[in-house]
Chemist: 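Handing you a structure now.
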Amino acid sequence: MINGEIRLRFAPSPTGPFHIGGARSALFNWLLAKKHNGTLIVRFEDTDRERSTVESEENIKDSLLWLGLNWDEGIDVGGENGPYRQIERLGIYQEYTDKLVESGHAYYCYCSEEELEEDRKQSFEEGSNPIYSGRCRDLSPEDKAKFVQEGRKPTVRFHVPPEGQVMFKDLIRGAISFEKSGIGDFVIVKSDGIPVYNYAVVLDDALMKVTHVIRAEEHLSNTPRQIVLYEALGFKQPEFGHVSLILGKDKTKMSKRQGATSVTEYRKLGYLPEAIVNFLALLGWSTEREDEIFSVEELIQEFSLERVSKSPAVFDVDKLNFINSQYIKKSSPERIADIIKPHLVKAGFIKDENSADENEYLVKVAAEIKDYLSFGAQAPEHAGIFYVDEIQFENEEAAETLKSEEAKNLIETFKVRLSELEEVNPENMKALIKNLGKELSVKGKQLFMPLRVAITGKMHGPELINIVPLIGRERTIKRADFALKMAGH
Ligand code: GLU
């Protein structure tokens with residue numbers, strides 16, 4: 001469907017932390033740009049002066065780069081179609097506004113808020129469409145002069161003749177049409193001289209030669225206004241594709257209540273960027289493939305708008321966790337050590353500044369626990385056994401495994417054999433446990449469970465033969481003594 005040289009754009013409003021839904025739009029654009037050797041532009045729609053912040057801009061840029069979504073033109077990168085912040089483009093917008101007013105497509109409107117409110121009320125009472133009455137469309141020079149004298153600051157309205165329809169073929173949703181009569185003359189420049197989104201976005205897309213506008217479904221209803229502007233300005237219209245909403249698991253709009261919503265939050269929780277990219281790609285897009293793990297290269301190759309669904313996507317955090325756990329498994333212990341470190345610092349297991357030995361130990365711990373993690377913040381739960389001196393039984397069932405005399409005997413003998421061991425390494429540990437079983441005629445659960453609980457307090461976890469060499473002989477014996485005491489021996 002997409003042929004020729006394509007130019008895409010991602011145009012976030014920097015009014016808060018980078019939302020996961022924005023990241024999905026950015027990703028779809030990025031994938032298309034990569035797949036078709038196109039250009040991706042990133043620019044900021046910052047005309048909302050009250051809500052736009054530098055922190056948000058930084059957060060969006062950092063998050064995009066962290067996800068690996070680089071851009072070819074725009075903010076920070078530059079290009080020949082800048083500036084790439086709307087607030088720096090006011091002169092450009094003004095030029096086109098003058099042209100629209102001159103050609104009769106737009107006019108100054110002096111209506112006050114009270115007058116407009118009165119109009120709205122009246123249409124409501126009459127049950128008619130609350131579109132602008134057109135009062136200022138053909139003001140006489142005298143009326144105009146009067147308003148100016150009163151100090152009224154005009155807005156600029158775009159005139160939409162009510163006949164006919166706006167039709168377009170949405171790349172995701174198919175044929176769409178809107179009655180022009182439902183649009184009404186709308187404001188394109190506010191009384192403070194700042195253009196509204198629907199107007200600025202058209203000029204930006206047109207002047208930046210954007211060929212495909214792929215964005216969130218919430219902008220579908222804005223598209224007819226944008227198309228009538230394209231027509232009046234004589235610009236070539238881009239193709240539009242509106243990607244469906246992302247809903248929470250309970251099928252309501254994704255919100256803070258249901259968990260993290262910003263990319264930064266997921267980053268802080270210890271998710272891997274490539275796992276998030278993989279997961280986001282599957283929010284609305286699917287393939288015939290059964291499995292859900294896609295490398296970025298595979299995504300670039302296989303992604304297409306034809307397979308993006310019209311129905312809302314559901315943000316299933318369990319699926320994200322599954323995908324993330326797969327990427328964690330494949331990652332090196334060194335990388336996972338970096339990811340779990342802040343969480344272990346927070347849990348008080350390690351300090352921010354570590355010696356080389358401590359860092360080496362951390363990498364070994366990461367190697368042992370990474371298969372059990374869905375995301376980094378879960379690390380303390382699994383890593384505690386490598387850092388504490390005194391273990392705690394995770395539950396009554398665990399405590400129970402050490403209460404019998406046989407269990408006590410097993411642990412006591414284990415301690416002796418461990419202290420006799422020449423070198424504590426996984427192979428020797430394996431042999432030790434095997435011989436211990438033979439010596440005391442116990443095997444299976446009877447053998448492993450009391451040992452595991454005495455050393456870790458838990459009934460499941462990494463291999464015992466790896467844990468003991470890591471925490472060391474002395475610590476193991478200390479823990480075993482402490483565990484027996486706790487079990488009432
Ligand atoms: N600034 C808009 C937003 O953040 C994007 C609009 C567009 O892509 O046209 O939702």
Chemist: Check whether S123 reaches the backbone of S128 with its side chain - one donor and one acceptor, N or O, closer than 3.5 Å.
Modeler: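 Side chain of S123 to backbone of S128, a donor-acceptor pair under 3.5 Å: no, none is there.
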Chemist: If you look at every heavy atom in L299 and A281, which pair is closest and at what distance?
Modeler: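 Smallest heavy-atom distance, with atoms named: CD2-CB, 3.7 Å.
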Chemist: Which salt bridge (charged side-chain N to carboxylate O under 4.0 Å, His left out) pairs, counting each pair once, include a residue from residues 21-45, with sequence neighbours left out?
Modeler: R43-E45, R43-D204, R43-D205
Chemist: Can D119 and R135 be counted as an ion pair, charged N to O under 4.0 angstrom?
Modeler: yes
Chemist: Just say parallel, tilted or perpendicular for the rings of H382 and Y372, cut-offs at 30° and 60°.
Modeler: parallel
Chemist: Can you check side-chain contact (heavy atoms from CB on, under 4.5 Å) on L283 and L280, steps first, answer last?
Modeler: CA-CA 5 Å; L283 279 181; L280 289 178; 3.8 Å; yes
Chemist: Can you name the ring-ring contact (aromatic ring centres under 6.0 Å, His included) partners of H159, sequence neighbours left out?
Modeler: none
Chemist: In chain order, what residues pass the side chain to side chain contact (heavy atoms under 4.5 Å, CB included) check against E73, with sequence neighbours excluded?
Modeler: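 In terms of side chain to side chain contact (heavy atoms under 4.5 Å, CB included), with neighbours along the sequence ignored, E73 is linked to R7, T39, I41, N81, Y84.
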Chemist: Taking only residues at least two apart or on different chains, which pairs with a member in residues 278-301 satisfy ring-ring contact (aromatic ring centres under 6.0 Å, His included)?
Modeler: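 Listed by first then second residue: F279-F315, W285-F294, W285-F303.
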Chemist: Can you list everything that forms a side chain to side chain contact (heavy atoms under 4.5 Å, CB included) with R267? Sequence neighbours excluded, please.
Modeler: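 In terms of side chain to side chain contact (heavy atoms under 4.5 Å, CB included), with neighbours along the sequence ignored, R267 is linked to W66.
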Chemist: Salt-bridge test for K180 and E231: reply yes if a basic N is under 4.0 Å from a carboxylate O, no otherwise.
Modeler: yes
Chemist: Does anything in residues 348-367 form a ring-ring contact (aromatic ring centres under 6.0 Å, His included)? List the pairs, not counting sequence neighbours.
Modeler: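 Qualifying pairs: F349-Y387, Y361-Y387.
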Chemist: State whether the number of non-hydrogen atoms from other residues, nucleotides or ligands found under 6.0 Å of E126 atom CD is greater than 12.
Modeler: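 Check passes, neighbour count above 12.
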Chemist: Mind jotting down which residue pairs meet the salt bridge (charged side-chain N to carboxylate O under 4.0 Å, His left out) criterion with at least one end in residues 352-363? Sequence neighbours excluded, please.
Modeler: E360-K364
Chemist: Checking S325 side chain against S374 main chain: does a donor-acceptor pair fall under 3.5 Å?
Modeler: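 No, the answer is negative, given that no donor and acceptor are paired below the 3.5 Å cut-off.
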Chemist: Taking R89 for the side chain and P83 for the main chain, is one N or O donor matched with an acceptor at less than 3.5 Å?
Modeler: yes
Chemist: Heavy atoms only: give me the nearest I188-Y199 pair and the separation to one decimal.
Modeler: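 Shortest heavy-atom separation between I188 and Y199 comes out as O-CD2, 3.4 Å.
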Chemist: Before we go on, tell me: are the rings of H219 and Y197 under 6.0 Å apart, centre to centre?
Modeler: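 Ring-ring flag for H219/Y197: true, centres closer than 6.0 Å.
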Chemist: Which atom pairs, one a donor and one an acceptor, fall under 3.5 Å between side chains of residues 102-109 and the rest of the protein, sequence neighbours left out?
Modeler:
residue: S103; atom: OG; partner: K99; partner atom: O; Å: 3.0
residue: S103; atom: OG; partner: L100; partner atom: O; Å: 3.2
residue: Y107; atom: OH; partner: D185; partner atom: OD2; Å: 2.7

Chemist: Crowded around K330 NZ? As in, over 12 foreign heavy atoms under 6.0 Å?
Modeler: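 Yes - once you tally the heavy atoms of other residues, nucleotides and ligands closer than 6.0 Å, there are more than 12.
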Chemist: Identify the two heavy atoms, one from A260 and one from L269, that lie closest to each other, and give their separation to 0.1 Å.
Modeler: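 The pair with the smallest heavy-atom distance is CB-CD1, 4.5 Å.
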Chemist: Going from CG on L40 to CG on L69, what distance comes out if it is rounded to the nearest 0.5 angstrom?
Modeler: 8.5 Å
Chemist: To the nearest 0.5 Å, what is the distance between NZ (K144) and CG (L139)?
Modeler: 6.5 Å
Chemist: Do side-chain atoms of S56 reach the backbone of T15 as a donor and acceptor pair under 3.5 angstrom?
Modeler: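 Present.
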Chemist: Check whether any side-chain N or O of E394 sits under 3.5 Å from a backbone N or O of M459 as a donor-acceptor pair, and report yes or no.
Modeler: yes
Chemist: With the threshold set at 4.0 Å, does a side-chain nitrogen-carboxylate oxygen contact exist between K61 and E58?
Modeler: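 A salt bridge is present here (some side-chain N lies under 4.0 Å from a carboxylate O).
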Chemist: Considering only residues two or more places apart or on different chains, which pairs with a residue in residues 130-157 satisfy ring-ring contact (aromatic ring centres under 6.0 Å, His included)?
Modeler: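 Sorted pair list: Y110-F147.
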Chemist: What pair of heavy atoms forms the shortest contact from R335 to E274, and how long is it?
Modeler: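 Looks like NH1-OE2, 2.6 Å.
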Chemist: Taking atom CD of Q149 as the centre, does the number of heavy atoms from other residues, nucleotides or ligands within less than 6.0 Å exceed 12?
Modeler: no
Chemist: Which atoms form the tightest heavy-atom contact between I246 and G21, and what is the distance?
Modeler: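 Closest pair (atom of I246, atom of G21, distance): CD1-CA, 3.6 Å.
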Chemist: Quiz question: by atom type and distance under 3.5 Å, do the side chains of Y266 and N324 form a donor-acceptor pair?
Modeler: no
Chemist: Can you tell me which residue pairs pass the salt bridge (charged side-chain N to carboxylate O under 4.0 Å, His left out) test with a partner in residues 280-301, sequence neighbours excluded?
Modeler: E288-R307, R289-D291, R289-E298, R289-E302, E292-K319
Chemist: So, taking the atom named OG in S25 and the one named CD in E217, what distance separates them when rounded to the nearest 0.5 Å?
Modeler: 11.0 Å
Chemist: Between D316 and K249, does at least one N-O distance fall below 4.0 Å, as a salt bridge requires?
Modeler: yes
Chemist: Would you give the length of the straight line joining atom CG of D170 to atom CG of L305, rounded to the nearest 0.5 angstrom?
Modeler: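 Answer for the CG-CG pair, D170 versus L305, is 9.0 Å.
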Chemist: Just checking D318: does its CG atom have more than 12 heavy atoms from other residues, nucleotides or ligands closer to it than 6.0 angstrom?
Modeler: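 Enclosed.
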Chemist: Does a donor on one side chain and an acceptor on the other come within less than 3.5 Å for Q226 and N198?
Modeler: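 The criterion, which ignores hydrogens and geometry beyond distance, is satisfied for N198 and Q226.
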Chemist: Yes or no on side-chain contact (heavy atoms from CB on, under 4.5 Å) for V201 and V213, after CA distance, side-chain angles and deciding distance?
Modeler: CA-CA 10 Å; V201 76; V213 170; over 6 Å; no
Chemist: Side chain of N129, backbone of I131: donor and acceptor closer than 3.5 Å?
Modeler: no
Chemist: NZ of K329: more than 12 outside heavy atoms within 6.0 angstrom?
Modeler: yes
Chemist: Mind checking ring-ring contact (aromatic ring centres under 6.0 Å, His included) for F158 and listing every partner two or more places apart, or none if nothing turns up?
Modeler: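 ring-ring contact (aromatic ring centres under 6.0 Å, His included) list for F158, sorted by chain: F186.
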Chemist: Under the ring-ring contact (aromatic ring centres under 6.0 Å, His included) rule, what pairs show up with a residue in residues 162-184, not counting sequence neighbours?
Modeler: F168-F240
Chemist: I176 and R173: which non-hydrogen atoms are nearest, and at how many Å?
Modeler: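 Smallest interatomic distance, heavy atoms only, reads CD1-CB, 4.1 Å.
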Chemist: For a quick check under 3.5 Å, do N59 and T264 share a side-chain donor-acceptor pair by atom type?
Modeler: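 Indeed, the side chains of N59 and T264 share at least one donor-acceptor pair under 3.5 Å.
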Chemist: Does a side-chain N-to-carboxylate-O contact under 4.0 Å join E113 and R120?
Modeler: yes
Chemist: Can you tell me how far CD of Q122 sits from CD of E125, rounded to the nearest 0.5 angstrom?
Modeler: 7.0 Å
Chemist: Enter the distance from T155:OG1 to L116:CG here, rounded to the nearest 0.5 Å.
Modeler: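 The OG1 atom of T155 sits 7.5 Å away from the CG atom of L116.
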